[in-house]
Amino acid sequence: MILLDGRVVSAAVKEIIKTETISIVANNQRPPHLVAILVGNNGASETYVASKVKNCEEVGFQSSLIRFDSTISEKILLDKIKELNEDNTVDGILVQLPLPKTIAESKVIEAIAPSKDVDGFHPINAGKLVQGLPAFIPATPYGIMLMLEYYKIDTKGKHAVVIGRSNIVGRPMSILLSSNLPYGNCTVTLCHSHTPNLKEICLQGDIIVAALGKPGFVKEDMVKEGAVIIDVGITRVEDATAKKGFRIKGDVAFDEVSRKASALTPVPGGVGLMTIAGLLKNTLLAYQNKMKAKEETYHKEH
Ligand code: GUN
């Protein structure tokens, strides 16, 4: 069984981004700049955003964290996004989800300029992805594709079973795996909470992407011998023996599934790190797109 190691792959991706950033700065240009917005103080969101900011710094990006109290009005958040959209020193904008119930997530997502939407959640980017046009790909599915590529996992003609239909992971993952891409070309079954015979469908999967948020859901008896298993789950499970009082659990029962899988991502140390790698790649892309557009405008005017 191959361990699909997020530490190794994300480090390799980050090294390339860091080298590119060094060359940008050596050319007397400013580095890419990501702005993360965190509303409230959800423990998991705090951790994710802190990690995103830290990783930006590691590759030489500029990063800013804007925090709001959970009681802020929707308008304050939308006004801030508008200001960041118009700010030429900002390349990527990320609003950490979930948001408090008083704020409509869809309005916030749609307020972000598609050219700065490094999460790839804006309907314009989601639509482009569906049509196979250049777009920002949501960071987690993007990171998973990078991992499949790194380990040269054969996907062509395979049956991929995706469990979970969220806009953040499951749905874009199903689009990517079914696309005519070097690491696509699968036949994809997208399963969710209303799928009957889930076990039978999973047993047909050459590749399973588990993104439903239920710790240990995918068991050995649901997995075909030799299947590739991608575990997207990162649920905090209370554990008094752990230093923080909880442990991070994936959607896959790792020990038993590892007896059957040909390749498997660990949790932690798997997909979570690849999400960050995907986000960094999107931020660099947003920066490069902006610089290219600036150059084209300059050439038109001179
Ligand atoms: N919440 C869970 N995953 C994500 C993500 O990839 N981006 C944002 N902005 N919020 C999230």
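Note that this is a predicted model, so its numbers are computed, not measured. Read the numbers this way: they start at 1 and go in the same order the structure lists the ligands and their atoms. Numbers here are sequence positions counted from 1.
- Heavy atoms of Tyr48 found under 4.0 angstrom from ligand 1: none, in either backbone or side chain.
- For ligand 1, the atoms lying closer than 4.0 Å to a non-hydrogen atom of Val95 are 8 (C), 9 (N).
- For the pairing with Asp91, the side-chain hydrogen bond (donor to acceptor under 3.5 Å, both in side chains) check across Arg30, Gln62, Gln288 returns one residue only, Arg30.
- The structure places NZ of Lys199 at 14.5 Å from SG of Cys191, a figure rounded to the nearest 0.5 Å.
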Let me see the working for Leu176 and Leu129 under side-chain contact (heavy atoms from CB on, under 4.5 Å), right down to the final yes or no. CA-CA 8 Å; Leu176 286 163; Leu129 180 69; 3.8 Å; yes
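- Of all the heavy atoms of Leu279, none lies under 4.0 Å from any atom of ligand 1, so neither backbone nor side chain is involved.
- Electrostatic pairing of Glu296 and Lys300 does not count as a salt bridge here, judged by no charged N lying under 4.0 Å from a carboxylate O.
- Of the protein's heavy atoms, Leu97 N, 3.0 Å lies nearest to atom 10 (N) of ligand 1.
- Here NZ of Lys152 is found 5.5 Å from OH of Tyr183. Values are rounded to the nearest 0.5 Å.
- Here the OG atom belonging to Ser262 is positioned 8.0 Å from the CD1 atom belonging to Ile229, to the nearest 0.5 angstrom.
- Close N/O approach between Leu94 and ligand 1 is not found [any backbone or side-chain N/O within under 3.5 Å].
- Scanning all protein heavy atoms for the shortest distance to atom 8 (C) of ligand 1 gives Asp119 OD2, 3.4 Å.
- Distance from atom 4 (C) of ligand 1 to its nearest protein heavy atom, with residue and atom name: Gln96 NE2, 4.0 Å.
- With a 4.0 Å heavy-atom cut-off, ligand 1 is reached by no atom of Glu105.
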